[in-house]
Amino acid sequence: MARRAGVLTPLGWGTLAGSAVLYAAGFALGYPEPVVLATGGLLALAAALAWTAPRPRLEVHREVTPLKVPRGDAAVAVLNVANLGRRGLSGLRAQDRIGAAEHTVDLPRLPKGAARTVSYPLPTGTRGEIPVGPLLLVRADPFGLTRRVREYGGPATLLVRPRTVPLAVVPSGKAHHLEGPTSDNAPSGTVTFHTLREYVVGDDLRHVHWRSSARTGTLMVRQLIDASLPTTTVVLDTRGLTELAVDAAASAAVAASRAGFPVRVLTGDGPLPDAKPDADTVLDRLALVRPGTAGVTEAMRLARGGGSLILVTADPSEAARATGVRRRFDRVICVYVGPGEVSAPGVKVVSVASLDELPLTWGPR
C-alpha cells in the first residue's frame, strides 16, 4: 500500500497564492481589509490541512468478478472499505482506473468500526484485456482545499472473451467424429496424453498423476484422447477483423474442443500463440487477437489436412480460394461475415450477419 501525505488541491494553491497577494497588497498600501481577508484564507487552509492530516486506519479490498467474461456479459468491481480507527470518517472518495478512463465513487460516512461495500460496473463491450487499478482512496476537506491520497492493493486485469453460441461438431465424413471421442475403445497406439485436469467422481484411478497431485494438493488425472480422431482446423481471417468473425471462430473451436476433439486455430500470421486445444485456452487466446494484414490463403495451404476446415472471413476471394484445399479435408466450411452472398464449388458457405444466425447443425455439403 502506497501512502501519500496531504497535499493542496488546485483550489488550495489558489487560496494560498491569493492570500499572499492580498496580504502583501494590504501591508504595502496600509489597508487592513486585504490583510484580514488574507488571514481568513490562511486560517481556512490551516483548518483544511488539520482535517486531512490524521492518517485514517482503513482496511480496503477491491475485487473484480468475474476475471474472465464473454463480451457483453456483466462484470463488476466490488469495493469493501472498513474503518478500523477510533473516529468516524467522511469525505472519502475512491478513484479506480479502468482501462484509459477513471471511475470515481463517493463513499458514505464511515462511523467508527463500520464497513461499507460498493460496486460499480466494468466495461465489457470490447474484447481484450482491460486493466483495472490502481485503486486510490482520497480524503478531502469540506472546502476542497486539501486532500490525502492513498493507494491500496495492486491492479487487476479483466479479460473480455469472445461471445459463443452452442454449435454441433462439424461432421468430417467419419462416423466417430460425430459420436465423440472413443478413447477407452480406441485401437492400440492411438490413445495419447492430452492434458491434466482435476479428478471427478467416476474417473479411472489408473489415470491419476500422483506427482502433480502431490505438488498441487489436488487429485489430478491424465486426460487421454484418441489421436486417430479428426482435427477441426479453424482459420480466422484477421483483415478487417470484426467481433462477429472472432465470435464465430470461437464458437466453432469451442464446440469441437468441448466434444473432446483436437482443435487448431490459425490466422494469417500463423497458429495462436501457446494455444492448447482446450476451450478455455482457445477463448483466452482469441480474446487477444487483433486485426492483421496477412491473408489466410497460405495458412490454409500449409494446414495439416484431415478432419474439417472452417474458414471465417469477410473476403469473398478467400472463400473462393478455399476450394483449392477441399480435397485435403473431409469437410470444408466457409463462414462468411461480409456483405452480399458468395459461393465456392465444393465448399459449404454459411453467410451470417449476426452470431445467432450460425446454424446449430451444419447440414449436408
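Hydrophobic clustering (side-chain heavy atoms under 4.5 Å, transitive across Ile, Leu, Val, Met, Phe, Trp, Tyr) groups L205 together with V221. No chain of hydrophobic side-chain contacts below 4.5 Å, direct or via other Ile, Leu, Val, Met, Phe, Trp or Tyr residues, connects L286 to L159. A single hydrophobic cluster is seen to contain both L236 and V165, as judged by linkage of ILVMFWY side chains at heavy-atom distances under 4.5 Å, directly or through other members. In the hydrophobic cluster analysis, where Ile, Leu, Val, Met, Phe, Trp and Tyr join through side-chain heavy atoms closer than 4.5 angstrom, L107 is grouped together with V60. L43 and L16 are assigned to two separate hydrophobic clusters, defined by single-linkage of ILVMFWY side chains at heavy-atom distances under 4.5 Å.
The line from CZ of R331 to CD1 of I310 is 9.5 Å long, rounded to the nearest 0.5 Å. Atom-to-atom distance recorded for R222:CZ and S212:OG is 9.0 Å, nearest 0.5 angstrom. Summarising the geometry, atom NZ belonging to K112 is positioned 12.5 Å from atom CG belonging to L84; distances are rounded to the nearest 0.5 Å. Taken to the nearest 0.5 Å, the OG1 atom of T216 stands 10.5 Å off from the NE2 atom of H209. Here T232 contributes atom OG1 and F261 contributes atom CZ; the two are 7.5 Å apart, rounded to the nearest 0.5 Å. Atom OH of Y199 is separated from atom CG of D204 by 9.0 Å, given to the nearest 0.5 angstrom.
Two residues are said to be in side-chain contact when any heavy atoms from C-beta on lie closer than 4.5 Å; L158 and V69 meet this criterion. The side-chain heavy atoms of R57 and L89, taken from C-beta on, include no pair separated by under 4.5 Å. Considering only heavy atoms from C-beta on, L167 comes within 4.5 Å of L358 through its side chain. Looking at heavy atoms from C-beta onward, E318 lies in side-chain contact with T297 at the 4.5 angstrom threshold. At least one side-chain heavy atom of R150 sits less than 4.5 Å from a side-chain heavy atom of P56. Using a 4.5 Å heavy-atom threshold, the side chains of D237 and V312 count as separate. With contacts defined as side-chain heavy-atom distances shorter than 4.5 Å, the pair V289/T238 qualifies. Side-chain atoms of L110 and L92, non-hydrogen and from C-beta on, do get closer than 4.5 Å to each other.
In R86, the CZ atom is not crowded: 12 or fewer heavy atoms of neighbouring residues, nucleotides or ligands sit closer than 6.0 Å. In this structure, E341 places its CD atom where only 12 or fewer heavy-atom neighbours from other residues, nucleotides or ligands lie under 6.0 Å away. For R197, the CZ atom sits in a packed shell: over 12 heavy atoms of surrounding residues, nucleotides or ligands are nearer than 6.0 Å. Within a 6.0 Å sphere centred on CD of E357, other residues, nucleotides and ligands contribute more than 12 heavy atoms. Heavy-atom neighbours of F143 CZ from other residues, nucleotides or ligands within 6.0 Å: at or below the threshold of 12.
Smallest separation of non-hydrogen atoms from P316 and Y336: CG-OH, 3.4 Å. Minimum interatomic distance between G340 and S351 (heavy atoms only, all atoms of both residues): O-OG, 4.5 Å. In terms of heavy-atom proximity, A156 sits nearest to R62 at CB-NH1, 4.3 Å. Of all non-hydrogen atoms in L122 and V64, the two that sit nearest each other are CD1-CG1, 3.6 Å. Of all heavy-atom pairs spanning G346 and R326, the tightest one is CA-CD, 3.7 Å. Considering every non-hydrogen atom in both V263 and A253, the closest pair reads CG2-O, 3.7 Å.
Every pair passing side-chain hydrogen bond (donor to acceptor under 3.5 Å, both in side chains) that includes a residue from residues 254-272 is listed here, sequence neighbours excluded: T233-R264. Counting only residues at least two apart or on different chains, the side-chain hydrogen bond (donor to acceptor under 3.5 Å, both in side chains) pairs with a member in residues 120-132 are D96-Y120, R127-E243.
The closest side-chain donor-acceptor pair between T281 and D284, if any, does not fall under 3.5 angstrom. A donor and an acceptor atom, one from each side chain of T313 and D315, are nowhere located under 3.5 Å apart.
Between the R97 side chain and the A100 main chain, a donor and an acceptor come within less than 3.5 Å of each other. A side-chain donor-acceptor contact under 3.5 Å links T323 to the backbone of A320. Of the possible donor and acceptor atoms, one in the side chain of D330 sits under 3.5 Å from a partner among the backbone N and O of G307. For R328 (side chain) and M300 (main-chain N/O), a donor-acceptor pair under 3.5 Å exists by modelled atom type. No donor-acceptor distance shorter than 3.5 angstrom exists from the side chain of T104 to the backbone of Q95, with no hydrogens or angles considered.
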Side chain to side chain contact (heavy atoms under 4.5 Å, CB included) evaluation trace for V35 with Y31: CA-CA 7 Å; V35 174; Y31 292 111; over 6 Å; no

Worked check of side chain to side chain contact (heavy atoms under 4.5 Å, CB included) between V296 and L311: CA-CA 9 Å; V296 293; L311 168 65; 3.7 Å; yes

Pair L309, I333 - check side chain to side chain contact (heavy atoms under 4.5 Å, CB included), show working. CA-CA 6 Å; L309 172 70; I333 294 176; over 6 Å; no

Checking R321 against R301 for the side chain to side chain contact (heavy atoms under 4.5 Å, CB included) test, could you report, in this order, the C-alpha distance in whole Å, the side-chain angles of both residues, the deciding distance, and whether it holds? CA-CA 10 Å; R321 294 188 188 103; R301 188 181 69 82; over 6 Å; no

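The hydrophobic cluster around V254 extends to L283, counting ILVMFWY residues whose side-chain heavy atoms fall within less than 4.5 Å of a member.
When the side-chain contact (heavy atoms from CB on, under 4.5 Å) test is applied to P359, the partners found at least two apart in sequence or on another chain are V350, W362. With sequence neighbours excluded, no residue forms a side chain to side chain donor-acceptor pair (under 3.5 Å) with N83.
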Ignoring hydrogens and angles, write down the donor-acceptor pairs under 3.5 Å from the side chains of residues 70-80, residues two or more places apart or on other chains.
unit_1	atom_1	unit_2	atom_2	d
R71	NH2	D247	OD2	2.3
N80	OD1	T117	OG1	2.7

